[in-house]
Amino acid sequence: MTPADPNVSVLEALRTTRSMRRLKPDPIPDDVLHAILDAAIRAPSGSNQQTWSFIVVTDDDLKRKLQEIYFDCARRYFAAAPRTVSDGSGEEIMSRVRASARHPAEHLHEAPVLVLCCIRGQRSFSLGASIYPAVQNLMVAARAFGIGSTLTTFHLGREQDVKDLLGIPDDVHTAALIPLGYPEGRWGEAKRLPVEQVVFHDRFGQHLWRD
Ligand SMILES: Cc1cc2nc3c(=O)[nH]c(=O)nc-3n(C[C@H](O)[C@H](O)[C@H](O)COP(=O)(O)O)c2cc1C
């Protein structure tokens with residue numbers, strides 16, 4: 001029988017699925033991993049084509065090589081990035097983004113499992129829309145089992161190196177690299193702009209709810 005975390009409702013899992021970057025090296029049981037990936041593949045995709053694939057990486061040498069690529073991409077990204085970036089509320093967030101990105105860049109390989117979420121087809125907005133629902137399903141299902149994750153994409157800076165390393169065909173793209181593991185920290189609600197601010201009624205800019 002698949003183990004489950006009966007204390008986490010769907011809504012609680014959705015509200016508390018956020019980046020958990022500090023992970024313990026403890027292994028994830030195979031049946032739990034299976035349940036998480038089985039939840040991922042329940043996601044929608046354009047015309048139900050399901051051209052996705054998920055590479056579960058647990059080999060120490062491969063994880064280390066992925067970390068080296070990821071580290072290099074993150075370093076180059078931040079070297080070229082603007083010094084300041086604002087979020088939707090106008091708050092300056094670049095120093096926080098830099099700080100939080102640092103841990104996975106240095107410790108990615110320490111996660112017990114890395115999942116590379118892939119999709120075959122021509123790069124387009126709708127191709128992305130056919131893999132990211134599965135990515136989110138994966139992360140929310142992981143949360144339900146008490147397993148932390150982070151949606152990462154820095155590796156795209158050297159995607160061909162990742163594809164060469166894992167034998168990924170030319171027409172298959174790597175949409176997300178997700179470390180999975182039991183988190184060091186505690187679960188908390190994902191911090192977001194308030195729903196009142198981003199939901200409109202009948203007309204763009206016309207708020208449905210007031211604060
Ligand atoms: C398209 C996309 C790409 C992302 N790439 C990375 C990444 O490469 N590395 C990383 O540490 N986090 C990455 N993130 C995670 C975001 O930084 C994170 O979801 C956001 O800051 C909100 O923080 P929270 O998940 O802790 O609430 C990415 C998220 C998305 C949606």
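First listed ligand is number 1; within each ligand, the first listed atom is number 1. Only a predicted model underlies this, so the values are computations on that prediction, with no experimental measurement involved.
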* Structure fact -> For Asp26 and Tyr182, the nearest pair of non-hydrogen atoms, with its separation, is O-CD1, 4.1 Å

* Minimum heavy-atom distance between Trp187 and Gly148, given as atom pair plus value -> CH2-CA, 3.7 Å

* **Which residues share a salt bridge (Lys or Arg N to Asp or Glu O under 4.0 Å) with Arg123, sequence neighbours left out** => Glu159

* Within the 6.0 Å centroid threshold, strictly below: Phe154 and Phe78 -> yes

* Asked: Should Arg21 be listed as contacting ligand 1, given a heavy-atom distance under 4.0 Å as the test?
  -> yes

* Structure fact -> Among Leu177, Thr150, Leu151, the residue with a heavy atom nearest to atom 1 (C) of ligand 1 is Leu151

* Asked: For ligand 1, which part of Tyr132 has a heavy atom less than 4.0 Å away: the side chain, the backbone, both, or neither?
  -> neither

* Structure fact -> Taking only non-hydrogen atoms of Pro104 and a 4.0 Å limit, the atoms of ligand 1 in range are 11 (O)

* When you measure from the centre of the six-membered ring of Trp52, is the NZ or CZ of Arg120 under 6.0 Å away and within 45° of the axis? -> no

* Asked: Does atom 21 (O) of ligand 1 have any protein heavy atom closer than 4.0 Å?
  -> no

* **Partner residues of Arg158 under the salt bridge (Lys or Arg N to Asp or Glu O under 4.0 Å) criterion, sequence neighbours left out** => Asp72, Asp161

* Asked: With a cut-off of 4.0 Å, which atoms of ligand 1 are near a heavy atom of Arg18?
  -> 24 (P), 25 (O), 26 (O), 27 (O)

* **Atom indices of ligand 1, in the order listed, that fall short of 4.0 Å to a heavy atom of Tyr70** => 7 (C), 8 (O), 9 (N), 10 (C), 11 (O)

* Applying a 4.0 Å heavy-atom criterion (strictly less than), which segment of Ser19 is in contact with ligand 1: side chain, backbone, both, or neither? -> both

* Looking at ligand 1, does Arg192 have a heavy atom less than 4.0 Å from it? -> yes

* Asked: Taking N or O atoms only and a 3.5 Å limit, does Thr153 qualify as a polar contact for ligand 1?
  -> yes

* Do ligand 1 and Ala101 have nitrogen or oxygen atoms that lie under 3.5 Å from each other? -> no

* Compare all side-chain heavy atoms of Ser45 with those of Thr51 and state whether any distance is below 4.5 angstrom. => no

* Asked: Should the heavy atoms of other residues, nucleotides or ligands under 6.0 Å from CD of Gln206 be counted, would the total exceed 12?
  -> yes

